[in-house]
Amino acid sequence: MATKLLEDLPGVGPATAEKLREAGFNSVESIAVASPGELVAAAEVGEATASKIIAGAREAADVGGFETGDRILERRKLVGKINTGSKSFNELLGGGMETQSIVELYGEFGSGKTQVAHQMAINVQLPLEMGGLNGSVIIIDTENTFRPERIDQMVHGLPPGPDGQTWETEEFLKHISVARAFNSNHQILLAESAMDLADKMKDSGKPVRLIIVDSVTAHFRAEYVGRGTLANRQQKLNKHLHDLMRFGDLNNALILVTNQVMAKPDTFFGDPTKPVGGHVLGHTATFRLYLRKSKGEKRIARLVDSPNLPDGEAVFSVTTEGLKD
Ligand code: GTP
Ligand code: MG
C-alpha cells in the first residue's frame with residue numbers, strides 16, 4: 001500500500017493538512033472513514049470541501065471492504081506459525097501463534113504476559129527451521145515494561161541456529177521497533193503509524209511479522225472511568241482492535257496483545273478473573289489465553305473460546321533464559 005500524503009488530497013492545502021494532523025487525522029485512511037462533520041470541526045473547512053476531501057481519501061485509501069473467498073483462501077495460505085519456545089504451549093495453539101490473528105494474553109500481574117511478549121519478539125525473528133518467520137517486530141509499550149536486557153538474557157537461552165551459529169543480541173534488538181504510548185489516543189495513532197513503518201520495511205528482507213501491544217487496555221481502563229463512559233471506551237477500543245486486525249491481514253503479521261484481569265477484591269461487579277475490555281475484545285481476539293501462576297517458574301496457559309481449536313491448558317516455564325517447557 002503506497003503511503004499517501006494528506007496534501008495530495010483534493011481541497012487540502014498545507015494549512016488544512018496541519019489542522020487535520022493536529023486533530024489526529026494523520027493518514028489518508030483515517031480521513032476516508034471520517035464523517036464530513038468531523039472534518040468541518042477539525043479543519044475549519046466548509047461542508048462541501050469536507051465531503052470532497054473525504055471522497056478523495058476514499059479513492060486514495062485502501063479502506064478494505066469485500067473480498068472474494070478465493071482471495072481470502074490465498075491469504076490464509078500464507079498464515080505462519082511462530083514457535084513459543086514451549087512444546088506444550090505450541091500444541092495448545094495448534095503449532096504456535098498464528099499470523100493474521102489476534103492473540104490476547106490476559107491474567108494477573110506477574111502471570112507472565114510481558115515475558116511471553118519478549119520471547120515472541122525474539123522468536124519471530126528466528127529462521128523458519130526454528131519456528132520463526134525471519135521477521136521484524138513493532139512494540140507499542142503502554143506500561144514502559146520493554147527491557148532490552150531481558151531480550152539479551154533470552155537470546156542467550158536460544159539453541160544454536162540450523163548451521164550451528166550463535167546469536168547476537170544486537171541483531172535482535174535492531175529489528176524490534178518500540179514506541180511508548182502515553183495515552184489511549186496516542187496508542188491508537190501509533191497503531192496507525194505502525195502501518196507506515198511496516199510499509200517501509202516490507203522489502204527490507206525482514207518484514208514486520210509481529211505487532212505487540214502491551215497492555216492494550218491499561219490506558220483505556222485508566223481514562224474511561226465510571227459507568228457512563230463505558231460505551232465510548234468500547235467504541236474506541238473496538239476501532240483500535242480493528243486497525244490492528246487490518247495490520248495483521250495486510251502484513252501477514254501476528255497481533256499479540258496483553259490485558260489485565262480485574263484483580264481488585266473490591267470490585268463489586270463481575271468475576272475478578274475476567275479480562276478488562278469485556279465483549280469487544282472477546283469477539284475480536286482470535287485466540288484468548290488466560291495465564292496464571294503456578295509453582296515457581298511454572299505458568300499455566302488456558303485457551304478460551306478459540307474458533308477452531310479445543311479449549312485446553314498448557315504448562316510452561318518462565319526462566320531467566322526465556323520460555324521453556
Ligand atoms: P503485569 O504487566 O504487571 O500485569 O504482569 P505480567 O503478566 O506482564 O508479568 P510479567 O510478564 O512481567 O512477569 C513477571 C514475572 O516473570 C516475575 O514475577 C518473574 O516470576 C518472571 N520473571 C521475570 N524475569 C525473570 C527472570 O529473569 N528469570 C526468571 N526465572 N523469571 C523471571
Ligand atoms: Mg506486563
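For the single chain, residues carry numbers from 1 onward in sequence order. Source: prediction; values computed, not measured. Atoms within each ligand, like the ligands themselves, are counted from 1 in listed order.
The aromatic rings of Y290 and Y106 sit parallel, their planes meeting at an angle under 30°, below the 60° perpendicular limit.
If you check which protein heavy atom lies closest to atom 8 (O) of ligand 1, you get T114 OG1, 2.7 Å. Protein heavy atom at the shortest distance from atom 31 (N) of ligand 1 is V318 O, 3.8 Å. Protein heavy atom at the shortest distance from atom 28 (N) of ligand 1 is T320 OG1, 2.9 Å. At the shortest separation from atom 2 (O) of ligand 1 among protein heavy atoms lies E143 OE1, 3.7 Å. Among protein heavy atoms, atom 16 (O) of ligand 1 sits closest to Q115 CG, 3.4 Å. For atom 25 (C) of ligand 1, the closest heavy atom belonging to the protein is R150 NH2, 3.4 Å. For atom 30 (N) of ligand 1, the nearest protein heavy atom (residue, atom name, distance) is E297 OE2, 3.0 Å. Among protein heavy atoms, the minimum distance from atom 3 (O) of ligand 1 is reached at F109 CB, 3.3 Å.
Checking T114 against the Mg ion (ligand 2), an N/O/S atom falls under the 2.8 Å cut-off.
For D214 (side chain) and I140 (main-chain N/O), no donor-acceptor pair under 3.5 Å exists by modelled atom type. In this structure, E223 contributes its side chain and S184 its backbone to a donor-acceptor pair below 3.5 Å.
Under a 4.0 Å heavy-atom criterion, T145 is not in contact with ligand 1.
Residues N251 and A198 approach most closely at OD1-CB, 3.6 Å, considering heavy atoms. For the pair L250 and K202, the tightest heavy-atom approach, listed with the atom from each and the gap, is O-NZ, 3.5 Å. When all heavy atoms of S27 and E192 are compared, the pair lying nearest together is OG-OE1, 4.2 Å. Between V216 and Q187, the shortest heavy-atom distance links the atoms O-NE2, 3.0 Å. Contact between L92 and A301 at its shortest, heavy atoms only, is CD2-O, 3.5 Å.
Considering backbone and side-chain N/O of G110, one or more are found under 3.5 Å from N/O of ligand 1. When only interatomic distances are considered, the shortest N/O to N/O separation between K293 and ligand 1 does not fall below 3.5 Å.
Close approach of ligand 1 to Q153 (heavy-atom distance below 4.0 Å) involves ligand atoms 27 (O). Under a 4.0 Å criterion applied to the non-hydrogen atoms of G112, ligand 1 contributes the atoms 6 (P), 7 (O), 9 (O), 10 (P), 11 (O), 13 (O).
Grouping the Ile, Leu, Val, Met, Phe, Trp and Tyr side chains by contacts below 4.5 angstrom, directly or via other members, places L189 apart from L241.
Counting heavy atoms from C-beta outward, M154 and H118 have side chains that approach closer than 4.5 Å.
Of the options E108, Q260, R299, E149, the smallest heavy-atom separation from atom 19 (C) of ligand 1 is shown by R299.
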